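Right, one structure below, let's go through it.
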Amino acid sequence: MNIIEVQSVSKVYGDRAAVSGFSLNVAQGERIALLGPSGCGKTTVLRLLAGLAVPDSGRILIDGAAVATEGRNLREPEERNLGMVFQDLALWPHLTVRGNLEFGLKARRVPAGERRHKVRKMLERVRMAPYLNAKPATLSGGQQQRVALARALVLEPRVLLMDEPLSSLDIELNVRLRREILKLQGALGFALLYVTHDREEAFDMGVRVIVMSGGRMAWAGSVEDARDYFATTSPTP
Amino acid sequence: MGRRIVLWIVVAVLAAVGLAPILIMLAKSVIVDGWLSLEFYSRLASSPRQWTLLGNSLILAALTTLLTAVVGLPLGVLLGKTDLPFRRGFATLFSIPLVLPAYVTAVSWFDLLGRDGLLARIAGAAAARETSNWLFGLPGCVLVLFSTFLPIVMLLTMVYLTTVSPRLEEAARLVGGWPRTLRGVTIPLILPGVLLAVLLVFLLTLGEFGVPSFLRYDVFPVESFIQFSAFYNFGAATAAAIPLALITLGVLVVERIFLREKTYQLRPAPQGVGRPSIELGPAGRWGFFAAVAVLCLVIVVAPLLVLVIQSTSPSVYLDALARAGDSLLRSVAFAALGATLLTVLGVLTGYLIHTRALSCWRVVDSLTIFLFALPSTVIGIGLVSLWNRPATNFIYATPLIIVLGYVAQYTGLTSRIMVSTLGQIPPSMEEAAQMAGGRWFRRFSLIIAPLAGRGVAAAWLVAYIFCLRDVGITMMVYPPGMETFPVRIFTLMANGRPSLIAAMCVILVAATVIPLTLLRFVFRPARPV
């Protein structure tokens with residue numbers, strides 16, 4: 001059963017089509033990498049799924065129910081139970097690590113005791129438990145990435161959307177964090193939709209790779225097929 | 001409550017408090033004895049005096065605007081872009097006249113150059129007669145309003161300079177020096193913002209009535225005020241107010257067409273990027289320092305100093321507090337209440353404009369700016385038109401009417417401050433909260449408002465200062481026995497002792513400068529978000 005179904009979705013900004021006739025199914029526990037150059041529409045796809053942008057045409061379904069259709073959201077982002085890690089991480093600087101993680105739990109009225117337990121457990125998973133009361137500005141780049149990941153995962157989403165979250169890190173840290181994300185994905189079983197412009201990163205994070213170009217799906221297949229595809233063509237990414 | 005509902009309530013409040021009075025006033029000006037008539041307008045148009053007044057208003061506004069632009073732009077560049085010594089101090093000093101009622105500056109110049117002023121004691125009666133003749137009239141009005149509105153161009157130039165990407169300037173400096181970079185890159189990039197400031201000065205001068213009234217230079221807003229307060233000819237007062245409203249509207253339409261989108265694009269360059277500063281060199285630094293210091297001394301320090309000298313006796317201050325202590329307390333209370341309401345409305349209006357959450361965001365933006373630029377006498381007459389009826393006496397006969405006037409005129413200020421503040425918060429901050437399941441009120445109160453904390457504090461202080469200095473609206477609408485401190489000074493100016501007036505002005509300066517000092521603390525460099 002698919003968790004997410006995207007049916008021929010389009011989105012236009014001004015006179016520029018960011019996404020055109022894009023379709024996609026995401027199944028439980030699946031790992032998909034969206035690969036493409038800047039401006040190809042991959043971030044817009046994530047924003048449409050999250051509900052942060054509204055499709056101009058097409059439909060988006062979650063668990064079989066339409067959440068967005070032409071020109072309107074039927075379910076707001078806070079009602080979709082999707083996790084998202086933003087490119088700039090968007091950690092709230094005035095809140096501590098604990099505050100960042102508790103925000104969503106409080107919004108869902110999780111009792112205080114259970115909240116504390118969930119936060120501690122998640123921070124232990126990402127090896128950030130000692131930084132419970134630290135403010136984001138005092139953390140290193142890698143630590144901030146872990147907190148952003150923990151913030152998204154503490155709500156136990158069935159799908160995690162990641163928008164080039166590691167692009168600002170050096171290659172060594174980038175690779176190490178990829179391993180950690182994959183380990184978490186294996187343990188928690190959420191579906192992962194990972195946006196990147198880096199081919200190797202896409203091959204590493206996805207089981208399925210979707211290549212985007214000019215707002216359209218240019219190619220889709222397994223990582224193995226993708227390697228062959230790129231070996232025989234000279235696409236943009 | 002959902003975001004759209006809250007924002008629609010804000011729009012409704014703005015329409016009721018700001019737009020409705022103007023529309024009612026407009027309607028009343030075309031109704032005579034229950035019939036539709038343009039009688040007031042035809043009387044207005046056929047009176048040569050009215051055309052003279054309009055001409056006087058336009059000449060005063062044009063000269064003041066020209067002078068503030070010619071001095072304000074280079075001054076803003078010097079204070080915002082160079083290593084000039086004491087530049088933050090200068091910026092604060094030059095800002096003081098803006099936060100005082102303009103007539104206080106007029107009083108201080110009168111105390112310096114008037115027939116019985118300080119100059120008369122130093123240089124003799126003949127010289128003082130000459131300067132007094134010069135002060136009372138167009139040159140005096142231009143001088144006072146120039147020093148009052150100079151900070152608008154200066155401060156906005158300084159703010160807009162921070163929006164220029166240092167990389168663009170560095171690229172220009174590789175092929176030319178700073179003068180060429182300023183002429184060819186920096187100033188053209190900030191020009192839309194500077195022109196906006198210049199237009200604002202034009203409109204504020206056009207609507208000013210305190211200074212021309214004190215310095216006896218006949219202008220249109222004074223006529224409107226006289227028709228209302230002296231003759232209680234409401235129709236004539238309203239008809240006299242309409243041309244000013246139309247000119248304001250016309251100027252803002254021009255601004256909307258040619259400048260607005262360009263000024264929206266002026267956003268602060270990313271923090272952490274080093275902003276290049278122009279090194280003036282030893283000779284340049286001290287040369288410019290001397291020039292700026294002389295200007296500051298002449299147009300800011302000297303007039304204020306004269307006020308202090310005129311009121312050196314402690315008994316004068318005691319007398320001032322005995323006569324007007326109650327109105328001072330009232331002023332502070334009304335200003336605090338007004339500032340709080342203005343901040344709430346400004347935050348929500350700013351959020352509406354910034355996020356474009358409702359399709360009417362442009363209309364709301366234009367309305368608040370229009371109301372801010374509208375002469376206070378026009379807003380005052382509008383408020384009287386709307387609220388002076390038995391059913392609404394619980395507002396009209398109480399200080400609430402003054403606070404409503406503040407809200408009508410100054411929401412544009414607080415909303416603009418908030419638009420600028422919210423523009424510096426990455427949209428992903430609210431989006432992340434939304435993804436975490438936070439409803440709008442939760443996101444707004446726990447994420448957006450705390451992140452915009454400095455801007456909210458600044459909006460409150462700026463609103464407080466503008467409410468405290470207000471004369472125009474308060475003068476038109478204050479209920480009996482509820483006059484504020486600036487109104488008390490204004491009414492005493494005609495026949496009060498000069499030393500008493502000077503002491504009251506000094507008290508008002510102190511009540512205004514204290515929050516201004518707080519404002520400096522608020523705007524101290526903070527950690528980047």
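Please read all numbers here as calculations on a predicted model, not as lab measurements. The chains referred to below are lettered A, B, ... by the order of the sequence lines, with proteins before strands, and numbering in each begins at 1.
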4.5 Å side-chain heavy-atom contact, A/Met84 and B/Glu431: no
Counting only heavy atoms not in A/Arg59 (residues, nucleotides, ligands), do more than 12 fall under 6.0 Å from its CZ? no
Interchain contact, A/Leu82 with chain B, by part (heavy-atom threshold 4.5 Å): both
Counting heavy atoms not belonging to A/Arg178, are there more than 12 under 6.0 Å from its CZ? yes
Are A/Glu79 and B/Arg439 within salt-bridge range, i.e. N to O under 4.0 Å? yes
Minimum heavy-atom separation for B/Ser428 and A/Asp88, please, with both atom names. OG-OD2, 2.7 Å
If you count every heavy atom of other residues, nucleotides or ligands that lies below 6.0 Å from A/Tyr131 atom OH, does the total exceed 12? no
I'd like to know if the side chain of A/Trp92 and the backbone of B/Met429 have a donor-acceptor N/O pair within less than 3.5 Å. yes
Segment of A/Arg80 engaging chain B (4.5 angstrom heavy-atom cut-off): neither
Which value, rounded to the nearest 0.5 Å, describes the distance between A/Leu155 atom CG and B/Met435 atom CE? 9.5 Å
Output side-chain donor-acceptor pairs under 3.5 Å for residues 102-109 of chain A, partner residues at least two apart or in another chain, one line each.
{"residue": "A/Arg108", "atom": "NH1", "partner": "A/Asn81", "partner atom": "OD1", "Å": "3.2"}

Sub-4.5 Å side-chain heavy-atom contact between B/Ile447 and A/His94: yes
Would you say the side chain of B/Arg443 lies within less than 4.5 Å of the side chain of A/Glu78, judging by non-hydrogen atoms? yes
Quick check on A/Leu89 against chain B: is it the side chain, the backbone, both or neither that has a heavy atom closer than 4.5 Å? neither
